[in-house]
J.: 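Sharing a structure here in structure tokens format.
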There are 4 protein chains.
Amino acid sequence: MNRKLRMGMVGGGTDAFIGAVHRLAAFMDNQIELVCGCFSVNPKISKESGKLYYLPENRVYETYQEMFEKEAQLPEGERMDFVTIVTPNFVHFGPAMMALDNGFDVVIDKPITFTLDEALKLNEKLEETGLTLALTHTYSGYPAVKHARKMIADGKFGKIRKIYAEYPQGWLSSNIEDQGVAQASWRTNPKKSGKAGCMGDIGTHAHQLAEYISGLRVTELCADLNTYVPNRQLDDDGAALLRFEKDATGILLATQVAAGEENAIRIRVYGE
Amino acid sequence: MNRKLRMGMVGGGTDAFIGAVHRLAAFMDNQIELVCGCFSVNPKISKESGKLYYLPENRVYETYQEMFEKEAQLPEGERMDFVTIVTPNFVHFGPAMMALDNGFDVVIDKPITFTLDEALKLNEKLEETGLTLALTHTYSGYPAVKHARKMIADGKFGKIRKIYAEYPQGWLSSNIEDQGVAQASWRTNPKKSGKAGCMGDIGTHAHQLAEYISGLRVTELCADLNTYVPNRQLDDDGAALLRFEKDATGILLATQVAAGEENAIRIRVYGE
Amino acid sequence: MNRKLRMGMVGGGTDAFIGAVHRLAAFMDNQIELVCGCFSVNPKISKESGKLYYLPENRVYETYQEMFEKEAQLPEGERMDFVTIVTPNFVHFGPAMMALDNGFDVVIDKPITFTLDEALKLNEKLEETGLTLALTHTYSGYPAVKHARKMIADGKFGKIRKIYAEYPQGWLSSNIEDQGVAQASWRTNPKKSGKAGCMGDIGTHAHQLAEYISGLRVTELCADLNTYVPNRQLDDDGAALLRFEKDATGILLATQVAAGEENAIRIRVYGE
Amino acid sequence: MNRKLRMGMVGGGTDAFIGAVHRLAAFMDNQIELVCGCFSVNPKISKESGKLYYLPENRVYETYQEMFEKEAQLPEGERMDFVTIVTPNFVHFGPAMMALDNGFDVVIDKPITFTLDEALKLNEKLEETGLTLALTHTYSGYPAVKHARKMIADGKFGKIRKIYAEYPQGWLSSNIEDQGVAQASWRTNPKKSGKAGCMGDIGTHAHQLAEYISGLRVTELCADLNTYVPNRQLDDDGAALLRFEKDATGILLATQVAAGEENAIRIRVYGE
């Protein structure tokens, strides 16, 4: 196909955080172009964002439902090829399912959905349609991470024995969710974030990095989760002993109460 | 202007090194699009590169002369707005001057030109035309560098006293230019690289970083240049004591014979 | 008492490893002098060592039994005040018990004894006699460690929440115990080393450091021990989830198969 | 000689700084014992210090003159073998010369003397008597430093090309010498410290380390010295381009106005 891939976007208005990261990643190697979007539940923000992203007005939509319906009617070669969903955790399932129903491949920022049940439904749909759903984890994108993965895949370390993945943060060391810090409020709120706090937010990154770099899946774990800050509803700290395929073992550490740390994600992998 | 800036490119075919970096930097925030180019002195490589960059055939040119002439005749809103020149050092002046003559702004990777005389001629032309020529230094693009510059500009360090900039490399510790290493051959060849070896290649980066971050210009220096590897024609090592505006002082270190180092560029700035 | 403390030593001949460390630590602040010793099971080595340590011949003994008996008969002010035992793990209990029986305080390098039962017997004897037995852990001696302990004791970190202690080594990544490496042979031999391999040898250091610096005792743990190297009899790798007094939690990591590491002991403690 | 070396000390009372370091270094490998001293110009401090160092009263002297005279009259095997002088810079020459005149070897903390003229006189005396004078630089004592020196002497790095030695401190970034900080007052006072400020105090350490580790002497240098803090009498900052024997070159950096640094001494040596 001698043209760029055409991307639509749900979420990611100029007032949002992770959408800009997805656009940057999409654009940097010149293989993808943004062709349409519904960038906000607020139609005014969506419209203004589309303008700043250099989209024509008729490809900026008021709802994702409208977007999927209208794009599906455009001719091949004009309509989008896939959609990137960068909405809050609890608005992942709806647009993803509707995109698949309309024949579009899907990219979603982790977590895949709000509940396991929703994820299983998406999986069913994928098997049925043969479409692709890609779940993005930002740390996989770093050249050093890809290089490490390649070295291990090439056997440079021999058989892998130990994998230590850790992600200490300190920003939730006190109860800032009740002091109007928006990022803290939704992440510690089970209605917005889901069942998992620290483990869902950053433990997943450590876990994904461990599997991505080593090429080995976790098969068993023993974990200890804690909530250190009074009145917090979700875990803000945890650790797990891990067992991987092929006799590798390791540790996963994730905490948001390591006062003084910012995003000190780190992984160590040892082979024979 | 509610459209992206239109960039042309001279050099930067699929077989080249720094062109890809310029394209990535140009694309990542979605404000610039590539509209035309002459990507190689080899027309076949130029044509194939243009195809892989998703350009229409009629905007991929065989020579930069042809490109500037034809683009200049296109209507505003279609023709390129500026050109990025990513050719070897000795092919900077020609395309830059011709671009300016045809009314295009210019971006060039350092060094500006092969000789001081050429640089002065470009300067004259810029003053005459009011056009812009931007000289790029890759390290300025890092978020940490921009943050440091901002902290100093905001007075967080008080008046600046000391600036230590260093760029040790080790890859030219032996005579690899005579063993067929292409990157080493042209960089140690005065006919391709110009009068300066190590200082021109990487000392300039340390120098630019020092001035860019501190906001202070070097006013005086005392330097010691060396050529350590036998039969090498240009300096492969050097250091300088620096004096800056406003009583700051410092050191610049650049070497390509620090065996074991890769690109260990580092800067330290101390204020009151 | 306006004189230095008088130390005797069991083990620590010129052919041994840890004895020299104990002497250095004892001498460096000029409060302790070496007055006698039985430095080896080999009387010749013991005698020569004593000479090199500047002891008079009549205070260098052939057996520790002889040493305790003869020293006990010397007048106060001439006889040793305490004994430092720096023999292999399985020769800790015998000299320690005999020293206590003869009224001497005791210093032993960890581990305290070869079996739990022996340790309990020593404890009984200590309660009966009122004498002192000090168990040494080398890392406690570093100024940085003492400083960290002081900062926490002074409340600089607030209430402690997280303690991560780790000790990765790589030297036992392959079966060097069967290739004539003496240090590896006894450490992996349950008859010389006791029931614990990696955890006993270096996990104990991480554990002691965690408790020493934080001032908190481990109350519960969940551990996973492994033996990675074929034909090895003891654990060479492990990790544990820890719970401490006062709601602190943490991780202990100890491994001897982290290929590439030397003695990368590290501790992190986070408070409120 | 089957006995420890007998050390006397001038300076180093319990109220002093560097004397304790010398004693620790002297005692730690059990080859030297302290037998006498004149530990302060204040006889009371000298006497009390001697008691805490476990010396008999008759070996603690009121003046260094008295010490050298009386010790010289004691029989060999009882009198001191050498003296360590740990007094302020301006009291080095006097005791050193008198010690040599009385037949004692001498250890002095750097700088050797207050003026070049005094140093030359000591040198003359040494040639005349055949005695030894050792000038101590504390950083030479670190195992890592000795190991580096050994690696280079063994030819592990090939011929040495580059030597970068640096010692940035920040504690004199403001005029603390006029705010009652004793360590700052004498170090910035030419009557106590001599002609050199920063270069004499810490530049000498970087210089000594460079020569000690590389085994090469500096043959030429070009330096830039500055005084950044208003009203300060001596240099508080400087740097030098260095040329060494055998075509090595390098940089020496020493500053006391690198705000934020403590004792960030560092050396890098590169060979072929």
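The chains referred to below are lettered A, B, ... by the order of the sequence lines, with proteins before strands, and numbering in each begins at 1.
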J.: Count the heavy-atom pairs under 4.5 Å between each of C:G158, C:A223, C:A259 and chain A, then report the option with the highest count.
T.: C:A259

J.: Please report the closest heavy-atom contact between A:C222 and C:L241, naming both atoms and the distance.
T.: O-CD1, 3.5 Å

J.: Is it the case that more than 12 heavy atoms not belonging to A:R217 sit under 6.0 Å from its CZ atom?
T.: no

J.: Donor-acceptor pairs under 3.5 angstrom involving side-chain atoms of residues 140-148 of chain A: please list them, not counting sequence neighbours.
T.:
unit_1, atom_1, unit_2, atom_2, d
A:S140, OG, A:H137, O, 3.2
A:S140, OG, A:Q208, OE1, 3.1
A:S140, OG, A:Q208, NE2, 2.8
A:K146, NZ, A:S140, O, 3.2
A:K146, NZ, A:Y212, OH, 2.9

J.: Are the charged groups of A:E261 and C:K162 less than 4.0 angstrom apart, N to O?
T.: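 C:K162 and A:E261: not salt-bridged.
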
J.: Heavy atoms under 4.5 Å from chain A: which residues of residues 169-188 of chain C carry them?
T.: C:S173

J.: Taking the side chain as C-beta and beyond, is there a heavy-atom pair between C:Y164 and A:L253 under 4.5 Å?
T.: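 Answer yes - side chains close enough.
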
J.: Please output the residues of residues 244-252 of chain C in contact with chain A, using a heavy-atom cutoff of under 4.5 Å, in numerical order.
T.: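 Contacts with chain A: C:D247, C:A248, C:T249, C:I251.
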
J.: Side chain, backbone, both or neither: which part of A:F157 has an atom under 4.5 Å from a heavy atom of chain C?
T.: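 For A:F157, neither part sits under 4.5 Å from chain C.
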
J.: What are the residues of residues 224-237 of chain C, in order of number, with any heavy atom under 4.5 angstrom from a heavy atom of chain A?
T.: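 Residues in range: C:D224, C:N226, C:Y228, C:V229, C:D237.
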
